[in-house]
Amino acid sequence: MNKKLGVYICHCGGNISDYVDVEKVKQAVENEEGVFIAKTTIFACGDANQKEMVDDIKNNNLDGVVVASCSPKLHLLTFRAVTERGNMNKYNYVHVNIREQASWAHSDNKEGATEKAILLVKSAIAKVRLSEPLYPIKISSKKAVAVIGAGVAGMRAAIELSNMGCPVTLIERDHFVGGRVAQWDVLFTTNQTGKELVTNLYNDLINRKNITLLTGAEVISNAGSIGDFKVRIKKTPRYIKEKCNDGHLLKAIQACPIEVPDDFNFNITNRKAIYHNFPSEYPHYPVIDIKNCTRCGECEKICESVDFTQKEEIIEIEVGSILMATGFDSYTPAEGEFGYQKFDTVITLPQFKRIIDLNDKKLTFKGKEVKSIVYIYCVGSRQIDGDNKYCSRYCCTSVIHAAIQTKKKFANIQNYHFTRGIRTYGKQEILYSDSLKSGDIYLQSYEEDPPVVLRENGNTLVKINDILTGGKEISVKADLVVLVTGMIPRKDNKVGALLKLPKGRDNFFNEIHMKLRPVETVIDGITISGACQGPKNIMESVNSALSAATKSFSYVSKGMLALEPIIARIDKNLCTWCGACAEACPFDAISVEKDENKDIAAINNSVCKGCGMCLPVCPVNAINLIAYSDNEIESMIDALAGV
Amino acid sequence: MSSEKINTSFDALVIGGGIAGGESALNLANNGFRVLIIEKDLSIGGKMILLSKVFPSLDCSACITTPKVSEISRHPGITIFTNSKVKSIIKKSKNDFEAEIIKYPRYVITEDCTGCQLCEEACPVIIPDQYQYNLVGRKAAYIPFSIASPRVAAIDIENCTLCGACEKVCPTNCIDFTQETEEYLIKAKTVVVATGFNLFDPIKIPRFGFGSYKNVLTSMQMERQLAPTRPFNTILRPGDAKVPDNLAYVLCTGSRDVTIGNPICSQICCMYSIKQAQLLMGALPMADVTIYYINIRSFGKGFEEFYSQAKGMGVDFIKGKIGKITEKENGNLILRYEDINENKVKESEHDMVILSVGVLPNPDNATLFHGEELKLDPFSFVNQTEPLASPSRTSIEGVFAAGTATGPMDIPDSILSAGSASSEAISYLIKKP
Amino acid sequence: METEKGKTFKYMREKREVSQAAKDNLKKFNRIKKTVMEALQENELSIDQLTKILDMPKDEVVFYVMSLVKYGFVQTGTIDEMDEYFSYKLNK
Amino acid sequence: MPGGKANNNPKILVFSTEKISDPAIDMAGLLKLHYPPTVYTISIPCSSGVKPIWIMYAYEKGFDGVFIAADGSDCPYGDSCTEKTGKIIGHTHALMKEMDIEPARLRMAAICSVCSESFVKQMKSFNEYLLKNSNV
């Protein structure tokens, strides 16, 4: 404990010495216990002084150093590096701010500033006397990443990680990959179809040795933490053998007597219990929907690939990081919301997109030809009364694009857009001007006065008080009413809950900091990407997926992680385990453990972030934060009090 | 100019030291690659470091930029050239780019300057401060702004009268008028283009009177007035130093306007204007703020809620197109506009008008690369060859675009785009040719 | 030419001519600074009053007075009754 | 009052947080916004980690006032910070009552990273309060 200390007091070229009498400070502290060297210097951060400090430390075997200069924000790390060059432990270095917090703050009172500087330096000396050498907490990190969700974001992240040489397990809950994009036809900006985009990604990833794709797979438990997550996955079988005869299977599908609504087409069509995911089907073979299958055996009779003996599997993987790409749900309007489920001419935007894709030459819906289409915007988004206050971002562009595609594909279509103000941000604006040029009609409702859908003489009418014509009531007869539904967070948030991912006010997963750390979560080692974090278009989803891939890669690339050693420490003798600390910890870093005959609290070193929230709640004062222990704080108070 | 070229090589060359370039450089360097950032300004941090607070979180821009900026400048894997320009980049072959860089003299030895500002005090010259968008003056020997990185003085040689006062007072003798322009020949395996954007200059719309009416400001000038490193102690009209109490915002100035050649939406102006309106209501509690808009585009995470908050605070939103601005004798401004809700032309008086200027491409992008062409899109932003599957890819293999180089975007999108570009650059570097 | 540390501006003087604009600019500022500082010796003055004394466009007066505030020669005084205009005084 | 005082100015101990309120206090200096030099800062990671016994120890050693510069909603460790810091204040107030220490000698305010002016105002008013009530 008897340290040999070096103390350096900086003039900062007058910034300090003009107001603080640095010589007086030196004289006041040079006889403090442990101080071996006390010096003043014109510029502590200057090269010459740094060299001198390194020599001082080496020649005199100093094991504690204090520099009194500017804010530690500027030079704490500079001097930590200096002490390391002198072969001293950098945590035995204490920085004192006598510029921003003394000379400058009290430039009106030189004597006061000097007095304060003396006490600040003394308190730093008191602290460094008690400081202990610390070493980064090193944990090994499995060089593998689990990507949850095989939509475009998840697939793209998996490919990028694979490019970086990192093994990936890509986990998809559905039996087919591609997520939402697989359901879309022609996409905005590239004019590719969703199918093409998904095909390209699937073909790229499926032959890569370092990507394992699991479909029909759900994460059921997770243990461990950054560097070493132990993820258990339940994989449900397809009940179809991988190598199968297409012709026989088609006949088997025809033979299946069960019909259920087809999710892929947002329930506007039906499918069998044994089904293809047409047209974007990857992996390219069907599935038996075991929940709806009655085991009648018709398919088995026709096709030898059907295999009801396949069993559910539990797979356990160990990864250093988890990348979330679980996507979104489309808002489902309430019954009667703009006539939804009340009038059969009212559908949602995703349904509409499937209808355009499925129709050819003539646009018909429920047997009737469609010519006049009304689009009602912001359904389920920007709600005045409902919970979804946010704007869903992608829908204005998406619906305008769909409306243009409809006109291109079918003759005699008239589009009416009932909007709440068009938000085709950025270059998407061009699409909006194209749409206007093509003769689409735009109307806009007042915020609190949405359009009304009603039925008159067998016709569907949509009424609006239109801002753009000075509030005139306008009524349009519609063959089809498309509710432009927004993105909502996944209703089924089992994975999120399992991983304890926090959600924001909008109920999407929340990042640590929108600007500084947009893909990281408070759970170390877990990153988020794509629309599970908030509404995004494809490009934005992919950008965030690639950002998350880099971040996840950085957790695992070196095979090792070094964590800051400033963490909480339990005094085993004092702890009586009441659980208050575990409750106060925002990171779940504290658990109970057996020590000889009693329960005590145990800190998980790789999870603790050193915030100290557990300290004040301990009824027996059994927790201290390293570098901020009672001894250290109290000795600093002693010094500042001048006792 | 020294005739000798200095040769060095790096893994990645990042052009632009704003937040997109900085984020890309950090990602690359944290994965063990050696990066060179070329910044044309005297300080890194781009436009973000000069902003007041950022939407929708209202955290202080400087406070979140400065730690990032110091992380970049301290990183052992990152070399930064400030006050430097790319003369040309030529792709020789895969993984082999050759860049000619010109480094202009600062006339100050960066390593020796302590940022004490004594030179600044001594300098007798006053000229408009570009970092305060000309609202106030600066010296010819100056530190760009208090949180600049590096926080090192520079001599503005064009405006310097060579009186020698700065040199006499410098305690570390770091002022050096013998410095010369240097030329470097740099080899790199991949290039990230993070050249950022330019702001629309409203002088191009004469009917708004910017330039001649002194109380018509750009939104960037207002941004500076609201920032912690602001030019005045309070919000003032530049025309007569009056504390304004009735301010108007004109959205879409230089955006969505084919007559000035920019048909696209700038994506950020609605939100920064709403943010400034909220900050103004905090700074000037008695003031009225009116925002004239075509559509409010509050589309991002938390944006719509932020817009509602502004309405709740009493910011007046008028859906209207501004025809013409005229100035009264007392410096107040008359806005003639078409009120769309009421379908008629109206006039209103404000004592200060802020033009919410849009985002334009950086013209440098056209001349960076010689030989193989870096293709631009119809709006002159860097063209994205695969906007959906690989948004940062450009027409040259191995060159990736980050941030507003490819189009208007806000800070979170820029950071994500930078993450995307650096991710592809890392893959490109790891995959053996 | 040999250069001496601390006097390298002399080397630059040999190399380049200071532009007339830079010289004029310095002269102009020195005149304005002198006038403003003298005017403020006696009283706190508003921008309006200073404009009359300096006889130049008001926005230029704002620019120079604010610059003098920035470099610590002048400081902001009190605001008028309408809470509209500050007056300015010497920073002693 | 236990402990001695060097001069007539009350002594104030500030617990400030490294990432959030320290920058504001630093900037107050940078902007030369003055406050009494008998204000001393101890930096810690988060305001919700201040132990009431530290605060009590400061009174015991002669500090007249203790000020907690809290992270507020900017806390990098999560939303619960404000509430937890509030609880610490409540708990300490109870301890102060037991020791017959005026509760007003403990103050807290959220000081964000640019709240320089607010910090200085707080220090000045706290100082004035303690001067007026120097016989507590």
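For the numbers below, each heavy atom of this structure counts, side chains included, while hydrogens, waters and symmetry mates do not. Computed from a predicted structure; not experimentally measured.
Contacts of A:D204 with chain B are absent, with no heavy-atom separation under 4.5 Å from either backbone or side chain. No part of A:Y394 comes within reach of chain B, as not one of its non-hydrogen atoms sits under 4.5 angstrom from that chain. The part of A:T469 that comes within reach of chain B is its backbone (N, CA, C, O), which places non-hydrogen atoms under 4.5 angstrom from that chain. Only the side chain of A:V519 comes within less than 4.5 Å of a heavy atom in chain B; its backbone stays farther off. A:L77 touches chain B through its side chain: at least one heavy atom from C-beta onward sits under 4.5 Å away, while N, CA, C and O do not. In this structure, chain B has heavy atoms under 4.5 Å from both the backbone and the side chain of A:I467. With a 4.5 angstrom heavy-atom cutoff, A:T189 touches chain B only via side-chain atoms. Contact annotation for A:L187: only side-chain heavy atoms (C-beta onward) come within less than 4.5 Å of a heavy atom of chain B.
In A:K558, the NZ atom is crowded: over 12 heavy atoms of neighbouring residues, nucleotides or ligands sit closer than 6.0 Å. In this structure, A:K472 places its NZ atom where only 12 or fewer heavy-atom neighbours from other residues, nucleotides or ligands lie under 6.0 Å away.
No other option in B:T114, B:N27, B:N343 has as many heavy-atom pairs under 4.5 Å with chain A as B:T114. Of all the listed residues (A:E540, A:M514, A:K551, A:R420), the one sharing the greatest number of non-hydrogen pairs under 4.5 Å with chain B is A:M514. Ranked by heavy-atom pairs under 4.5 Å with chain A, the first of B:P391, B:P263, B:P412 is B:P391.
We find that A:E429 and B:R256 are joined by a salt bridge, their nearest charged nitrogen and carboxylate oxygen being less than 4.0 Å apart. A salt bridge links B:E304 and A:R423; the closest N-O separation between the charged side-chain nitrogens and carboxylate oxygens is under 4.0 Å. A salt bridge between B:D410 and A:R393 is absent, with no side-chain N of the basic residue lying under 4.0 Å from a carboxylate O of the acidic one.
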Worked check of salt bridge (charged side-chain N to carboxylate O under 4.0 Å, His left out) between A:R156 and B:E424: CA-CA 11 Å; A:R156 193 59 188 80; B:E424 299 234 28; 3.2 Å; yes
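Contacts from residues 376-386 of chain B to chain A, taken as heavy-atom pairs separated by less than 4.5 Å, involve B:D377, B:F379, B:F381, B:Q384 in sequence order.
No side-chain heavy atom of B:N31 sits less than 4.5 Å from a side-chain heavy atom of A:M164. B:C116 is listed as a side-chain neighbour of A:N15, based on a closest heavy-atom distance under 4.5 Å. Residues A:V152 and B:L388 have side chains not in contact (no heavy-atom distance under 4.5 Å, counting atoms from C-beta outward). At least one side-chain heavy atom of B:P387 sits under 4.5 Å from a side-chain heavy atom of A:T190. Counting heavy atoms from C-beta on, the side chains of A:K427 and B:Q267 never come closer than 4.5 Å. By the 4.5 Å heavy-atom criterion applied to side chains, A:I422 and B:R297 are counted as neighbours. Side-chain contact between B:N30 and A:S554 is absent, with no heavy atoms from C-beta onward closer than 4.5 Å. For the pair A:E160/B:I426, no side-chain contact is recorded, criterion being any heavy-atom separation below 4.5 Å from C-beta on.
Atom-to-atom distance recorded for A:Q428:CD and B:F299:CZ is 8.0 Å, nearest 0.5 angstrom.
Looking at A:Q533 and B:K301, their side chains never bring a donor and an acceptor atom within 3.5 Å of each other.
Remark: side-chain polar atoms of A:K515 are not paired, donor with acceptor, to backbone N or O of B:I415 under 3.5 angstrom. In this structure, A:S547 contributes its side chain and B:L416 its backbone to a donor-acceptor pair below 3.5 Å.
Listed by chain and number, the residues in a side-chain contact (heavy atoms from CB on, under 4.5 Å) with A:T78 are A:Q50, A:H75 (sequence neighbours excluded).
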